[in-house]
Amino acid sequence: MHGLDFDPRTDMAICCGQTEAFAAAVFAIIDPGDEVVLFDPSYETYEGCIRMAGGIPVYVALEPPHWTLDPDRFINSFTARTKAVILNSPHNPTGKVFTKDELETIAGACCRRDCMAITDEVYEHITYDNIKHISLASLPGMQERTIITSSLSKTFSVTGWRVGWAIAPAFFASAIRNIHIKITDSAPAPFQEAALTALRSPPEYFEKLRREYESKRDYIVHLIAGIGFQIKFKPRGAFFLFAELPENYLLSDVEYVKELIKQAGVVAVPGCGFFHTTLSTEKLSQVGCSYQERYIRFAFCKSSATLAAAAQKLAELSDAMGCVTGGKNA
């Protein structure tokens with residue numbers, strides 16, 4: 001699907017979801033004291049795996065509101081102990097899809113520094129606005145130094161089946177399989193059979209998937225903007241909206257989420273759990289509280305009925321309060 005040539009007999013490890021594939025990949029290549037570069041904000045399980053392997057996470061902050069990668073900041077994060085770079089694109093929680101220029105920056109640094117890369121590509125088929133997913137492994141010099149992890153979960157809406165995989169040069173794939181056998185032994189056999197059917201889906205299925213999610217994205221962007229959130233970045237992949245609280249709203253992300261649950265029965269995720277670094281720029285310091293406490297992650301991988309019910313509850317709350325973010329705290 002991505003123009004890469006691997007030997008399925010030697011270069012693949014079938015695991016219990018992408019989560020285990022990622023963990024096994026980290027355990028396969030990271031030794032105590034190795035540094036691993038991650039982009040911030042990031043999905044929360046990455047750091048835990050790195051620390052369990054004895055590695056040291058080194059975060060490179062992406063710059064809001066478009067979550068752009070500063071090449072100098074990235075290059076300066078490397079040291080003599082840097083062993084690997086973690087890349088999640090399309091990106092959770094922001095919905096960012098790393099650009100070709102950004103991927104080339106990452107690939108160039110890995111090649112020059114002789115570093116590995118571990119990618120999380122579970123949203124590879126969920127991109128918008130005619131943007132195509134590019135695997136880091138497809139760039140020059142990267143197939144031999146990249147471990148790709150992905151799964152059925154997001155593309156086929158089967159998160160509970162726990163079928164994922166790691167694809168890598170045979171030497172690394174063998175190590176990952178050895179670790180996988182010690183951790184879980186095998187992914188569920190009936191679901192592996194089902195995976196064969198799913199992965200043979202025609203191109204029309206993947207196109208329909210993109211169209212449906214793009215429609216849901218546009219729906220939730222309009223909905224959340226309508227209750228006062230700042231939508232400075234429209235997600236280009238995955239199925240999350242990482243929205244910024246209104247400027248005049250004084251509560252933190254955690255406090256806002258609690259109020260949203262109590263008053264509207266709508267659940268979102270506070271953004272602070274995805275942040276690990278702080279950007280010290282004048283622009284960001286003008287905000288009343290840390291930008292790490294200014295974002296809420298909304299998931300739109302829901303049925304149309306669920307999204308419509310959430311919209312109705314938020315509209316009722318907005319009518320009652322003037323706006324969802326109003327009241328004594330605004």
Checking Ser135 against Ser138: is there a side-chain donor and acceptor pair closer than 3.5 Å? no
Are a donor atom and an acceptor atom from the side chains of Thr149 and Gln18 found within less than 3.5 Å of each other? yes
Would you say [X]'s side chain and [Y]'s backbone share a donor-acceptor pair under 3.5 angstrom?
X      : Y      : value
Gln143 : Asp5   : yes
Glu244 : Tyr295 : no
Tyr128 : Ala238 : yes
Thr119 : Glu121 : no
Asp120 : Val122 : yes
Arg145 : Ala137 : no
Thr79  : Arg81  : yes

With hydrophobic residues grouped by side-chain heavy-atom distances under 4.5 Å, do [X] and [Y] end up in a single group?
X      : Y      : answer
Tyr46  : Ile29  : yes
Leu196 : Met12  : no
Phe27  : Ile56  : no
Val97  : Tyr43  : no
Val163 : Ile148 : yes

Beyond-backbone contact of [X] with [Y], side-chain heavy atoms, under 4.5 angstrom:
X      : Y      : value
Asn92  : Arg297 : yes
Pro93  : His91  : yes
His222 : Ile231 : no
Glu259 : Leu251 : yes
Phe275 : Asp253 : no
Val269 : Phe240 : no
Cys115 : Phe78  : yes
Leu69  : Leu62  : yes

Check Tyr59, Phe39, Phe98 against Phe74 for a ring pair (Phe, Tyr, Trp, His ring centres under 6.0 Å) and give me the one that passes. Phe39
Tell me whether [X] is salt-bridged to [Y], with the criterion being a basic N under 4.0 Å from an acidic carboxylate O.
X      : Y      : answer
Glu255 : Lys258 : no
Glu47  : Arg51  : yes
Asp129 : Arg236 : no
Lys216 : Glu212 : no

Flag yes if more than 12 heavy atoms outside Tyr205 fall under 6.0 Å of its OH atom; otherwise flag no. yes
CA sep, side-chain torsions, deciding dist, call: Val37, Arg113, side chain to side chain contact (heavy atoms under 4.5 Å, CB included): CA-CA 12 Å; Val37 176; Arg113 298 277 189 160; over 6 Å; no
When rounded to the nearest 0.5 angstrom, what is the spacing between [atom1] in [X] and [atom2] in [Y]?
X      : Y      : atom1 : atom2 : value
His133 : Glu124 : NE2   : CD    : 5.5 Å
Phe298 : Ile224 : CZ    : CD1   : 4.0 Å
Leu223 : Leu241 : CG    : CG    : 9.5 Å
Asp31  : Lys83  : CG    : NZ    : 4.5 Å

For Trp165 and Phe6, I'd like to know if the aromatic rings sit close, meaning centre-to-centre distance below 6.0 Å. no
Where does the angle between the aromatic ring planes of [X] and [Y] fall among parallel (under 30°), tilted (30 to 60°) and perpendicular (over 60°)?
X      : Y      : answer
Phe300 : Tyr213 : perpendicular
Phe242 : Phe274 : perpendicular
His125 : His2   : parallel
Phe233 : His66  : perpendicular

Quick one: side chain to side chain contact (heavy atoms under 4.5 Å, CB included) partners of Thr197, sequence neighbours excluded? none
Side chain to side chain contact (heavy atoms under 4.5 Å, CB included) filter on Thr19, not counting sequence neighbours, yields Arg162
Quiz: residues 178-185 side-chain donor-acceptor pairs under 3.5 angstrom, not counting sequence neighbours:
{"from": "Asn178", "atom 1": "ND2", "to": "Ser174", "atom 2": "O", "distance (Å)": "3.4"}
{"from": "His180", "atom 1": "ND1", "to": "Glu20", "atom 2": "OE1", "distance (Å)": "3.1"}
{"from": "His180", "atom 1": "ND1", "to": "Glu20", "atom 2": "OE2", "distance (Å)": "2.8"}
{"from": "His180", "atom 1": "ND1", "to": "Thr184", "atom 2": "OG1", "distance (Å)": "3.2"}
{"from": "His180", "atom 1": "NE2", "to": "Ile14", "atom 2": "O", "distance (Å)": "3.1"}
{"from": "His180", "atom 1": "NE2", "to": "Asp185", "atom 2": "O", "distance (Å)": "3.4"}
{"from": "Thr184", "atom 1": "OG1", "to": "Glu20", "atom 2": "OE1", "distance (Å)": "3.2"}
{"from": "Thr184", "atom 1": "OG1", "to": "Glu20", "atom 2": "OE2", "distance (Å)": "3.1"}

From CA spacing to verdict: salt bridge (charged side-chain N to carboxylate O under 4.0 Å, His left out), Arg211, Glu214: CA-CA 5 Å; Arg211 287 198 309 269; Glu214 190 165 339; over 6 Å; no
Apply side chain to side chain contact (heavy atoms under 4.5 Å, CB included) to residues Lys234 and Asp218 and explain how you reach the verdict. CA-CA 9 Å; Lys234 199 173 182 181; Asp218 294 342; 3.2 Å; yes
Please evaluate residues Leu152 and Phe191 with respect to the criterion side chain to side chain contact (heavy atoms under 4.5 Å, CB included), reporting the C-alpha separation (whole Å), side-chain torsions for both, the decisive distance (0.1 Å), and the verdict. CA-CA 10 Å; Leu152 291 183; Phe191 296 149; 5.9 Å; no
Check against side chain to side chain contact (heavy atoms under 4.5 Å, CB included), Phe22 and Ile86: CA-CA 10 Å; Phe22 180 87; Ile86 306 300; 3.8 Å; yes
